[in-house]
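In each ligand, atom 1 is the first atom listed, and ligand 1 is the first ligand listed.
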Amino acid sequence: MQTLIAGGVVVSATGSAPAEVLVEGERIVAVVEPGTQLAESIAEGADLVVDATGKLVVPGGVDAHTHMEMPFGGTRASDTFETGTRAAAFGGTTTIADFAIQRRGESLRRSLDAWFAKADGQCAVDYGFHMILSDVNDQSLAEMDDLVAEGVTSFKLFMAYPGVFYSTDGDIVLAMQRAAAGGSTIMMHAENGIAIDVLVDEALARGDTAPRFHGLTRPERLEAEATHRAVELARVTGAPLYVVHLSASGALEEVVAARDRGQNAFAETCPQYLFLSDEDMARDGFEGAKYVCSPPLRARHHHDALWRGLRTNDLSVVSTDHCPFCFKEQKELGREDFSKIPNGIPGVEHRMDLIFQGVVRKEITLERWVEVTSTTPARMFGLYPRKGVVAPGADADLVVYDPRRRQTLSAESHHMAVDYSAYEGFEITGGVDTVVARGRVVVSGGRYTGARGDGRFVARGLNQYLL
Ligand code: URP
Ligand code: ZN
Ligand code: ZN
């Protein structure tokens, strides 16, 4: 089966040019200059032609940070691997990296197998796993190398959530030493959870129970402090560090300082930190619960710093940290106590569209849009050049993107299994037209044409930014 994507402008991280893309089976086999004899003979032989005239052709998005079905605060994230990856496909994301979670007392092997079982045969798009280490001990440290060998090459540690996922600085050093030796990357949730818990207890004792106190008890300085500590621990141990869901300028300054010294330190931000703010968390009544995530949404002035960071490559990646909880039954758990609101915001469907607004507003170039949403996450997490690029030999994960379409984001039209949209009523320019995942058209004209189980596990290599 040969499919030709014809008439579009192919955008890569390094440039854009009109080109025809020929897909055979699951792979891209040719990217050809239009109007040439070669292009014409290819067009004659194609079984299916997707017309991309007037549109952009970009590599499928890679969302390096999702939490499908994540157990949290007595409930679980409302998107399953099936619904969440289908929503991802609608939004032009053709690969996700989700987080398998080690429970305390459980081996990495057992935890990873549990996540394999959840995802197997369910996904619309390809998926990989990172592993959350919540019990650092001799066995789990030894198992890190086994996981690397089977393509789970990054490990998330938490400086927040004492008693749940929290690791001490000592645990962190041990895991980082192992990562440095084995070549894996440490992903860090950098917030000082010990200090935060004191502020949370004090707020609740005062009767300050509304959602906005979630933000007020997690000040940005405690993210900056933890980021500084993570950077220093990585510096001492020599481990590659990737700071997840960076939300504010203070933490960014710590990453910049590390990168300026030449340290292997990287960071991602997420759409919610670029478009939403603490004002959303302070909405009337309990509405603010929809916006509770950690780190929390910050004051608007941080947006400029984060867009600048994306322009300058101080921030390398935009991921979603997609972790949806329904407003009605799940966020409700914290109506009387903000600390019981499950943490997380839905977003896997809207990342490509929202970051495209950065192109529309001239915050970033078209090429940088592709780089931060696809190419860099593919390289950072060992998926390149299979993912993240439109080139012969790559998986045929392609998005035909209409840069002129107008759309309004809403829970009524989104495909995520969650009863609200954090971006309700947002009017945006640009939209996904067609999505090809490993050679199959899975979204076309707003309809899903794929099938459950199309997506496969992808074993990842090591971080390709390391020497
Ligand atoms: O609020 C968030 N971020 N929920 C998901 C878990 C995490 O820390 O990434
Ligand atoms: Zn986190
Ligand atoms: Zn997360």
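- If you run side chain to side chain contact (heavy atoms under 4.5 Å, CB included) between D79 and each of R86, E349, M68, only M68 comes through.
- Under 2.8 Å from the Zn ion (ligand 3) lies no N/O/S atom of H245, from backbone or side chain alike.
- If you check which protein heavy atom lies closest to atom 9 (O) of ligand 1, you get K156 NZ, 3.0 Å.
- Protein heavy atom at the shortest distance from atom 8 (O) of ligand 1 is H189 ND1, 3.0 Å.
- Exactly one of I355, I364, L306 qualifies for a side chain to side chain contact (heavy atoms under 4.5 Å, CB included) with V318. That residue is I355.
- The aromatic rings of Y242 and F381 lie perpendicular to each other, with more than 60° between the two planes, well past the 30° mark.
- With 2.8 Å as the limit, K156 counts as an N, O or S neighbour of the Zn ion (ligand 2).
- Taking 2.8 Å as the criterion, H65 counts as a coordinating residue of the Zn ion (ligand 3), since one of its N, O or S atoms falls below it.
- In terms of protein heavy-atom proximity, atom 1 (O) of ligand 1 is nearest to S294 N, 2.8 Å.
- Residue K340 places its NZ atom among 12 or fewer non-hydrogen atoms of other residues, nucleotides or ligands, all under 6.0 Å distant.
- Protein heavy atom closest to atom 6 (C) of ligand 1, with residue, atom name and distance, is H67 NE2, 3.7 Å.
- Looking at R351, its side chain does come within 3.5 Å of a backbone N or O of V62 through a donor-acceptor pair.
- Closest protein heavy atom to atom 4 (N) of ligand 1: N343 O, 3.1 Å.
- Remark: ligand 1 atoms within the under-4.0 Å shell around heavy atoms of C293 are 1 (O).
- Atom OD1 is the N/O/S atom of D321 found closest to the Zn ion (ligand 3).
- Using a 4.0 Å cut-off to heavy atoms of C323, the atoms of ligand 1 that qualify are 5 (C).
- The aromatic ring centroids of H303 and F275 lie 6.0 Å or more from each other.
- Because its NZ or CZ atom is not both nearer than 6.0 Å to the ring centre of Y273 and within 45° of the ring axis, R298 does not count as a cation-pi partner of that residue.
- Listed by atom number, the atoms of ligand 1 under 4.0 Å from F158 heavy atoms are 8 (O).
- D337 and T209 form no side-chain donor-acceptor contact under 3.5 Å, judged by distance and modelled atom types alone.
- In this structure, the protein non-hydrogen atom closest to atom 3 (N) of ligand 1 is D321 OD2, 2.6 Å.
- Taking the centre and axis of the six-membered ring of F327, the NZ or CZ atom of K290 falls inside the cone set by 45° and 6.0 Å.
- Looking at H189 and the Zn ion (ligand 2) together, the shortest N, O or S contact belongs to ND1.
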